Amino acid sequence: MPAGTEPPALSVLRWAEPPEGPVLVLLDQTRLPVEEVELVCTDVPALVRAIQTLAVRGAPLLGIAGGYGVALAAARGYDVAEATGLLEQARPTAVNLGYGVRRVARVYWAALEKGLGADQAAGAALAEARVLHREDAAASGRMARHGLALLEELLPGGGHQLLTHCNSGALVSGGEGTAFAVALQAHRAGRLRRLWVDETRPLLQGARLTAYEAARNGMAYSLLTDNAAGSLFAAGEVDAVLIGADRIAADGSVANKVGSYPLAVLAKYHHVPFIVVAPVTTVDLTTADGQAITVEQRSGREVTEFTPPHAVSPDGAAGGLLVAPLGTPAYNPAFDITPPELITAIVTDEGVISPVTGVGLAELCARSSQVTIS
Ligand code: MRU
């Protein structure tokens with residue numbers, strides 16, 4: 001599809017109210033790109049499972065899902081305090097999950113304190129989840145515009161070859177995403193020569209999801225194994241790296257999908273801009289630095305077996321095709337930490353920080369209109 005012709009927006013997450021009661025409907029990302037199948041969550045444990053198996057994933061979308069999860073608990077008469085705890089703890093690294101959950105829960109409790117009935121408090125919770133959803137969509141648009149302006153400044157003339165890792169498009173957001181949204185904006189402006197898509201082992205969010213999004217938007221893209229990035233930089237074929245973030249600590253350290261840090265080291269060595277794109281809601285000033293970020297450790301079986309992602313349960317209980325001797329121990333962190341000195345710029349919905357410093361981040365958050373939830 002050429003630039004200028006846009007595919008229909010993906011329905012990634014929606015609230016529905018069939019006669020049996022309210023539900024949260026997710027596009028099951030474990031099934032992509034083979035089939036577009038919806039997953040209907042009727043209760044909080046089902047949503048927690050969807051989060052842990054990555055049926056719904058990516059930092060901003062986890063925040064939105066968490067917010068609707070609280071609204072679902074309230075609407076279905078479940079224990080909202082318990083639901084809040086379950087949702088917040090479903091995955092530890094993406095700060096947006098706790099943000100969304102706490103933000104909606106706070107509105108619910110405030111409504112009860114004001115003397116509203118349970119139904120009205122549930123209605124207030126749903127309204128807040130919807131606001132969060134809309135805010136994230138708007139933030140996507142602003143990040144895309146700021147990001148394209150930064151690319152034009154760093155790489156005048158266009159014809160960019162951009163490298164991205166994991167998935168950071170419409171599948172992680174209420175809008176068109178974070179890092180991927182910038183590449184998409186460049187495509188629409190006729191400035192993108194090629195999007196290099198890291199496959200992103202072990203769960204292949206790049207191959208399955210980013211390639212899917214690039215294809216449906218008609219972008220010029222090529223898939224590479226994560227290990228091929230080094231030779232691509234050495235050949236001079238990467239003009240900039242664009243990644244998202246799951247948590248940005250107060251000193252500017254960035255947690256993102258494992259494999260992001262090696263790309264930052266490569267970019268520094270080859271004098272290529274390394275750009276992080278994330279909404280202000282991903283900044284966590286209460287986490288001092290990268291060492292203080294909890295990195296999710298996932299089942300080693302995601303590494304020792306080729307398992308269709310939809311068959312992976314949170315404890316790795318589903319079996320796949322063995323690619324290592326049975327019982328091989330594996331190291332499988334879901335994220336890594338990139339220190340601020342390796343990051344050229346952080347693009348947010350509120351503007352760009354470059355160089356990346358704690359002071360710059362604090363100032364950005366201070367002038368942000370985002371609600372701070374601790
Ligand atoms: O484990 P995932 O698939 O949830 O990891 C997602 C990422 O690491 C994304 O790059 C990140 O959430 C930023 S994009 C919004």
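Quantities reported herein were computed from a predicted structural model and do not represent experimental measurements.
By the side chain to side chain donor-acceptor pair (under 3.5 Å) test, Asn96 pairs with Thr281, Thr282, sequence neighbours left out. Here Ala125 pairs with Ala71, Val104, Tyr108 under the side-chain contact (heavy atoms from CB on, under 4.5 Å) rule; sequence neighbours left out.
Under 3.5 Å, the side chains of Ser140 and Ser173 contain a donor-acceptor pair of N or O atoms. Donor-acceptor pairing under 3.5 Å is recorded for the side chains of Asp284 and Thr286.
Val172 and Leu163 fall into different hydrophobic clusters, where Ile, Leu, Val, Met, Phe, Trp and Tyr side chains are chained together by heavy-atom contacts under 4.5 Å. Side-chain heavy atoms closer than 4.5 Å link hydrophobic residues (I, L, V, M, F, W, Y) into clusters, and following such links, possibly through other members, connects Trp15 to Leu87.
Residue Asp79 places its CG atom among more than 12 non-hydrogen atoms of other residues, nucleotides or ligands, all under 6.0 Å distant. More than 12 non-hydrogen atoms from other residues, nucleotides or ligands lie less than 6.0 angstrom from OH of Tyr212. Atom CD of Glu17 has more than 12 neighbouring heavy atoms from other residues, nucleotides or ligands inside a 6.0 Å radius.
Listed by first and then second residue, the salt bridge (Lys or Arg N to Asp or Glu O under 4.0 Å) pairs involving residues 172-185 are Glu176-Arg188 (not counting sequence neighbours).
Note on Glu128 versus Arg103: salt bridge recorded, some NZ/NE/NH1/NH2 to OD/OE distance being below 4.0 Å.
For the atom pair OG of Ser299 and CG of Asn332, the computed distance is 7.0 Å after rounding to the nearest 0.5 Å.
Taking the six-membered ring for Trp and thresholds of 30 and 60 degrees, His270 and Phe233 have nearly parallel ring planes, at less than 30 degrees apart.
Distance alone, capped at 3.5 Å, places no donor-acceptor pair between the Arg193 side chain and the Gln161 backbone. Within the 3.5 Å criterion, the main-chain N or O of Thr294 finds no donor-acceptor partner in the side chain of Arg247.
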